[in-house]
Amino acid sequence: MARLFDFSGTGALLHLSFVRTALLAAAVLGLIAGLLAPLIVTRGMAFAVHGTAELSFTGGAAALLAGVSVGLGAVVGALVASVVFGLLGLRHRERDSVIGVVLAFGLGLGVLMLALYQGRTANKFGLLTGSIVSVDSTNLWLLTGCAVVVIGALLVYYRPLLFASADPEVAAARGVPVRLLSIVFAVLIGLSTALAVPAVGAILVLAVMVTPGAAAARVSSNPVVVTVLAVLFAEVALVGGVVLSLAPGVPISGYVTTLIFLCYVGCRLVARFRRPAARLAVA
């Protein structure tokens, strides 16, 4: 246990170039996750994020077995999954069953391919837990490009996407292209998830892409405030998780999930204490 809280060498490690690259990658990933998380929560797509992450793991496993780039395999797997989820799971009552069916098939296939892979065990483990300190400049540029795509798409589609997320039936009646927006948003999730898996692992993606939005939604109903808070929470968890994990030399998963969970618990406590205060003010 003492090793987990030994940060004596953190200052020296922060001067290394690969650590600075990892921190930049964490910051970019936090921006992407924070921007998408509130819409993911509003649309009730947490399970879709989980399914996309697991199927990007399947794509990465296939790439590992084929001897090609794991990042490319993760992107292909996640994009295929997101398009399938967007096309087949448009209605909320159908979405979970579609995701469950595709997820079970894809996950079983991924486990089979990992069992057939004869290379290093660390490569298999890395698909699940990630290794953000192994992110190179190419991965950083891919993450940055993804951030540009996400920001550009939100600038164009944010208002109709928010409308379709809050009330899809009314949005469709008002002429909003709900199906197209569902596919566009699913592709954004798939792209973001795929690029996050090699860095933070398939297990951690759900926490990063969902919890910041769930926490922020507890303390505000203003979409702008919720988005700003979600970005802040994601940055604190990811950048803080990288810094805390450097000296102990352990995967960042435990630190990131702990930090983001503390943000969520803190927001729930704030919301609980605000309600009695609001009742007293009205009285």
Side-chain angles (χ1 to χ4, degrees), residues 1-37 49-50 53-54 56-57 60 64 70-71 74 114 120-144 146-147 192-216 229-267:
M1 289 296 293
R3 178 189 173 191
L4 297 178
F5 301 100
D6 179 15
F7 309 120
S8 56
T10 301
L13 290 169
L14 288 173
H15 290 87
L16 300 176
S17 60
F18 76 89
V19 173
R20 292 197 292 269
T21 301
L23 290 172
L24 286 173
V28 174
L29 184 56
L31 175 62
I32 298 171
L35 290 173
L36 292 178
V49 172
H50 175 63
E54 298 296 348
S56 66
F57 154 76
L64 202 61
V70 174
L114 279 189
R120 294 174 56 207
T121 305
N123 292 335
K124 301 179 183 182
F125 190 63
L127 285 174
L128 295 175
T129 62
S131 179
I132 201 163
V133 294
S134 67
V135 174
D136 56 19
S137 58
T138 302
N139 299 127
L140 181 58
W141 280 112
L142 284 173
L143 277 172
T144 304
C146 178
S192 304
T193 300
L195 293 177
V197 164
V200 298
I203 295 174
L204 196 59
V205 166
L206 186 63
V208 171
M209 297 291 291
V210 175
T211 312
L229 287 175
V231 171
L232 176 62
F233 296 153
E235 296 287 3
V236 167
L238 283 164
V239 176
V242 172
V243 172
L244 292 176
S245 67
L246 289 175
V250 296
I252 68 170
S253 308
Y255 295 103
V256 172
T257 51
T258 298
L259 288 172
I260 200 65
F261 180 71
L262 289 176
C263 290
Y264 179 73
V265 171
C267 288

### Task
Would you check, one step at a time, whether the test side-chain contact (heavy atoms from CB on, under 4.5 Å) holds for V256 with V242?
CA-CA 8 Å; V256 172; V242 172; over 6 Å; no

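Counting only heavy atoms from C-beta outward, the side chains of L36 and S192 approach each other to under 4.5 Å.
Distance CG/L23 to CG/L14: 6.5 Å, rounded to 0.5 Å. For the atom pair CG of L244 and CG of L259, the computed distance is 6.0 Å after rounding to the nearest 0.5 Å. Atom CG of L24 sits about 8.0 Å away from atom OG1 of T144, to the nearest 0.5 Å. Taking CG of L229 as the start and SG of C267 as the end, the distance is 7.0 Å to the nearest 0.5 Å.
Contact record, A230 with A216: N-CB, 3.9 Å, taken as the closest heavy-atom pair. Nearest heavy-atom pair, A27 versus E235, reported as atom, atom and distance to 0.1 Å: O-OE2, 2.6 Å. Of all the heavy atoms in A207 and P212, the pair that sits closest is O-CD, 3.4 Å.
For the pairing with L31, the side chain to side chain contact (heavy atoms under 4.5 Å, CB included) check across L35, V28, L29 returns one residue only, L35. If you run side chain to side chain contact (heavy atoms under 4.5 Å, CB included) between F233 and each of L238, L262, I260, only I260 comes through.
Judged purely by atom type and a 3.5 angstrom limit, T257 uses its side chain to pair as donor or acceptor with the backbone of G254.
Taking the side chain to side chain contact (heavy atoms under 4.5 Å, CB included) definition, one finds that L16 meets it with L13, F18, V19, sequence neighbours left out.
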